[in-house]
Amino acid sequence: MGNWGIGKLGNWEIGRWGSWVIFAALVVLLGGGCGKAQGRPTSQRSNVPTFQRANDLFVDVTQQAGITFVHYNGKKDLSTALEEAGPGCAFCDYDQDGWLDIYLVNGRDLYGRGIKSRNALYRNNRDGTFTDVTEQAGVPGTGYGMGCVWGDYDNDGDPDLYVTQWGKNVLYRNNGDGTFTDVTDKAGVGAMEFGEPFHSAAAFGDYDKDGWLDLYVGCYLKFRLNGLRYCMLEGRIKTSCPPQSYDGTPSILYRNNGDGTFTNVTKQAGVYKPNGKCLAAIFSDYDDDGDPDLFVANDGIEAYLFRNRGNGTFRDEAAAVGIAFAAEGASMAAMGTDLGDYDNDGRLDLFIADFQNAPNHLWRNEGNGLFLEVTVSSGIGEPSYNYLGFGAGFIDYDNDGWLDIFVANGHVYPGVDALGTGETYKQINQLFRNRRNGTFAEVTKQAGSGFLVKAASRGAAFGDYDNDGDVDILVANNDDLPTLLRNEIGNRQHFLNLQLRNAHGSDAIGAKVRVIAGNLRQVREVRTGGSFFSHSDTRLHFGLGAHARVDKIEVTWANGHTQTFSALPANRFYCLVEGQSIRRAENPLSPPPQVILKKS
């Protein structure tokens with residue numbers, strides 16, 4: 001999680017709407033259909049005011065939402081690189097009732113002290129609160145947890161859960177009745193083929209376009225519990241070691257066989273990298289050729305961009321397109337990452353969060369097979385320099401139709417506070433508002449009480465958990481409570497929320513959507529992974545600003561088929577089922593009026 005320089009640390013190479021609000025949510029529709037852990041004893045958050053201010057953009061509602069989970073990193077004395085790495089988190093509608101649920105990953109006791117901990121699944125009660133259903137659902141995790149990702153690997157219409165761990169990973173098959181079954185051994189995705197137990201990020205994506213989700217599993221360091229555990233800060237403070245102290249490890253690509261099993265195709269697919277240090281992975285069609293490519297963010301070495309050649313193999317073109325390293329050839333402590341069209345030119349741009357005393361990074365997709373780093377000119381460089389970024393994402397928090405940036409921050413060396421340099425272990429998160437001219441303004445201080453939380457933040461997930469028309473944020477914190485940030489202002493402007501389902505009734509991973517509303521032109525992809533060890537809502541959220549209707553929606557499905565829809569009222573949730581007409585998602589609280597849509 002960063003590079004060490006010599007002799008110093010961190011020199012790393014709506015209120016709510018008015019009465020017209022439609023409190024919409026997704027339920028089962030016909031055809032393909034839309035809708036359908038506890039750690040240590042609980043604690044109260046003590047480092048942030050509990051009051052809400054009138055102009056807050058986000059409010060910390062973790063405790064009032066009923067989330068009592070506390071992450072346990074399992075440290076014996078000082079925390080090691082393993083114990084500082086996680087955790088991740090997820091928004092996912094596991095029971096298909098149209099409301100986002102929450103999954104939180106936990107550590108374990110690795111030293112035989114008898115301390116019990118588990119992951120946690122919280123079911124959304126549809127009233128702003130959640131209920132812990134981990135035990136009845138059967139998804140506590142089977143080892144020291146790192147990250148998680150959801151995807152319908154068996155095409156039965158229900159999202160399944162994959163958890164990355166220290167040691168053998170676990171795949172939980174969704175039974176469709178609120179319970180899950182551990183099918184790891186049957187599926188063959190324990191991810192220990194190359195002998196390394198330090199798993200990190202994971203992503204589902206159909207790289208060979210056969211209609212079945214494949215799985216990429218990231219691996220981090222060659223760390224051993226009985227090996228090198230501690231290093232020294234400034235030669236005087238004992239702390240966990242940087243990644244340069246360990247060798248890298250190969251990550252794994254699994255091809256879905258379509259029968260409930262997977263095959264390791266890492267080498268034959270051309271993605272085998274024996275010295276990788278993966279912390280984030282995303283399947284994304286960055287070059288618009290119809291094939292999902294694979295971006296991998298590594299810690300302290302070059303990034304990988306595996307371009308899909310369309311024949312079941314990839315070629316690493318990160319150096320050729322200009323994103324393998326940051327400016328002047330510097331390697332990155334690349335933790336959080338995301339792809340999104342921040343300048344609304346129809347091309348997916350790249351964001352990577354970096355270590356403290358280095359800026360976060362932004363690359364603009366030039367559309368000619370190249371990326372141009374615009375970190376300094378975009379305005380995100382200098383404000384991020386004094387923070388250590390982890391989970392990150394492009395989100396349109398204010399619904400103006402332009403993607404903003406959120407970054408979860410937190411150090412990895414608890415002893416850094418004692419150095420006297422002003423660097424701190426627990427940090428606040430950051431929010432950057434898109435100025436709509438290619439630049440960003442940091443608005444953290446204006447973001448409200450939710451951004452006063454100080455923690456060693458790691459994973460971050462994004463989604464509209466209360467179905468009120470704006471994007472909320474979930475942050476996983478190391479050895480601490482998570483942070484659930486409710487968006488207070490986004491739905492003061494218009495929005496559109498789309499859930500895409502393929503012919504199997506599953507989330508249409510790999511589909512790309514272009515939305516036109518007046519002078520706004522936006523593009524989104526349905527995907528998994530990204531951020532840091534985490535999974536976000538697969539519904540696509542579009543801010544529309546002052547536009548009360550959408551002129552056109554153009555959908556390119558993962559199989560290359562296209563559909564176009566026109567003349568849609570805004571401020572609603574819709575379901576797009578492949579090969580069918582678009583349908584309004586029903587409201588379980590009060591049925592909405594019938595909407596007649598025009599298909600072009």
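The shown structure was predicted, so the numbers you read here are calculated from the model rather than taken from an experiment.
Annotation: cation-pi pair K273/Y304 present, NZ/CZ under 6.0 Å from the ring centroid and within 45° of its normal.
Results of the side chain to side chain contact (heavy atoms under 4.5 Å, CB included) test with F390 over N478, V475, V412 single out V412 as the only residue that passes.
When ring centroids are compared, F440 and F432 stay outside the 6.0 Å threshold. Between F462 and F394, a ring centre-to-centre spacing not shorter than 6.0 Å is recorded. The distance between the ring centers of Y144 and H199 does not fall below 6.0 angstrom.
Ion pairing of D132 with R118 is present here, as a side-chain N (NZ or NE/NH1/NH2) and a carboxylate O approach within less than 4.0 Å. Ion pair R524/D341 not flagged as a salt bridge, since none of the NZ, NE, NH1 or NH2 atoms sits closer than 4.0 Å to an Asp/Glu carboxylate oxygen. Between R224 and E196, at least one side-chain nitrogen of the basic residue sits less than 4.0 Å from a carboxylate oxygen of the acidic one, meeting the salt-bridge criterion. By the 4.0 Å N-to-carboxylate-O rule, E84 lies too far from K75 to be salt-bridged with it. Ion pairing of K454 with D480 is absent here, as no side-chain N (NZ or NE/NH1/NH2) approaches a carboxylate O to less than 4.0 Å. Using a 4.0 Å cut-off between a side-chain N of Lys or Arg and a carboxylate O of Asp or Glu, R123 and D97 do not qualify as a salt bridge.
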Subject >> Trace of the side-chain hydrogen bond (donor to acceptor under 3.5 Å, both in side chains) decision for T131 with N125 >> reply: CA-CA 7 Å; T131 297; N125 297 325; 3.0 Å; yes
Original post:
What's the verdict on side-chain hydrogen bond (donor to acceptor under 3.5 Å, both in side chains) for Y254 and E193, showing C-alpha distance, side-chain angles and the deciding distance?
Top reply: CA-CA 11 Å; Y254 289 107; E193 285 91 333; 2.7 Å; yes
Original post:
Between N477 and H71, is a side-chain hydrogen bond (donor to acceptor under 3.5 Å, both in side chains) present by the stated rule, with each step listed?
Top reply: CA-CA 7 Å; N477 300 314; H71 178 256; over 6 Å; no
Original post:
Can you check side-chain hydrogen bond (donor to acceptor under 3.5 Å, both in side chains) on T444 and Q430, steps first, answer last?
Top reply: CA-CA 5 Å; T444 305; Q430 288 179 289; 4.8 Å; no
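Residues L171 and L161 form no side-chain contact, since every pair of their non-hydrogen atoms from C-beta on lies 4.5 Å or further apart. Looking at heavy atoms from C-beta onward, T164 lies out of side-chain contact with F533 at the 4.5 angstrom threshold. For the pair F91 and D101, the minimum side-chain heavy-atom distance is 4.5 Å or more. Residues R539 and Q499 have side chains in contact (heavy-atom distance under 4.5 Å, counting atoms from C-beta outward). Between I323 and H361 the shortest side-chain heavy-atom distance does not fall below 4.5 Å. Using a 4.5 Å heavy-atom cutoff, the side chains of F283 and D206 are not in contact.
Under 3.5 Å, the side chains of T483 and D60 contain no donor-acceptor pair of N or O atoms. Side-chain contact of S457 with N409: a donor-acceptor pair under 3.5 Å is absent, judged by distance alone.
Pairing each heavy atom of L474 with each of L104, the nearest pair is CD2-CD2, 4.3 Å. Of all non-hydrogen atoms in S79 and S240, the two that sit nearest each other are O-CB, 3.4 Å. Across all their heavy atoms, N360 and S384 have their closest contact at N-OG, 2.9 Å. Taking every heavy atom of both residues into account, C278 and S251 meet most closely at CB-OG, 3.6 Å. Nearest heavy-atom pair across V139 and Y103 is O-OH, 2.8 Å.
Taking CG of N497 as the reference point, atom NE2 of H541 lies at 7.0 Å (rounded to 0.5 Å). For the atom pair D507 CG and R527 CZ, the distance stands at 14.0 Å (nearest 0.5 Å). Going from atom NZ of K277 over to atom OG1 of T249 covers 9.0 Å, rounded to the nearest 0.5 Å. Rounding to the nearest 0.5 Å places CG of D285 at 8.0 Å from CG of L348. One finds the CG atom of L110 at 8.0 Å from the OG1 atom of T80 (value rounded to the nearest 0.5 Å). Rounding to the nearest 0.5 Å places NE2 of H535 at 8.0 Å from SG of C148.
No donor-acceptor distance shorter than 3.5 angstrom exists from the side chain of N365 to the backbone of D349, with no hydrogens or angles considered.
Between F58 and Y397, the ring planes lie tilted relative to each other; the angle falls in the 30° to 60° range. Using a 30° and 60° split on the angle between ring planes, F130 and Y465 fall in the tilted class, from 30° to 60°. Note on ring orientation: taking the six-membered ring where Trp is involved, the planes of Y94 and W150 are tilted (angle from 30° to 60°).
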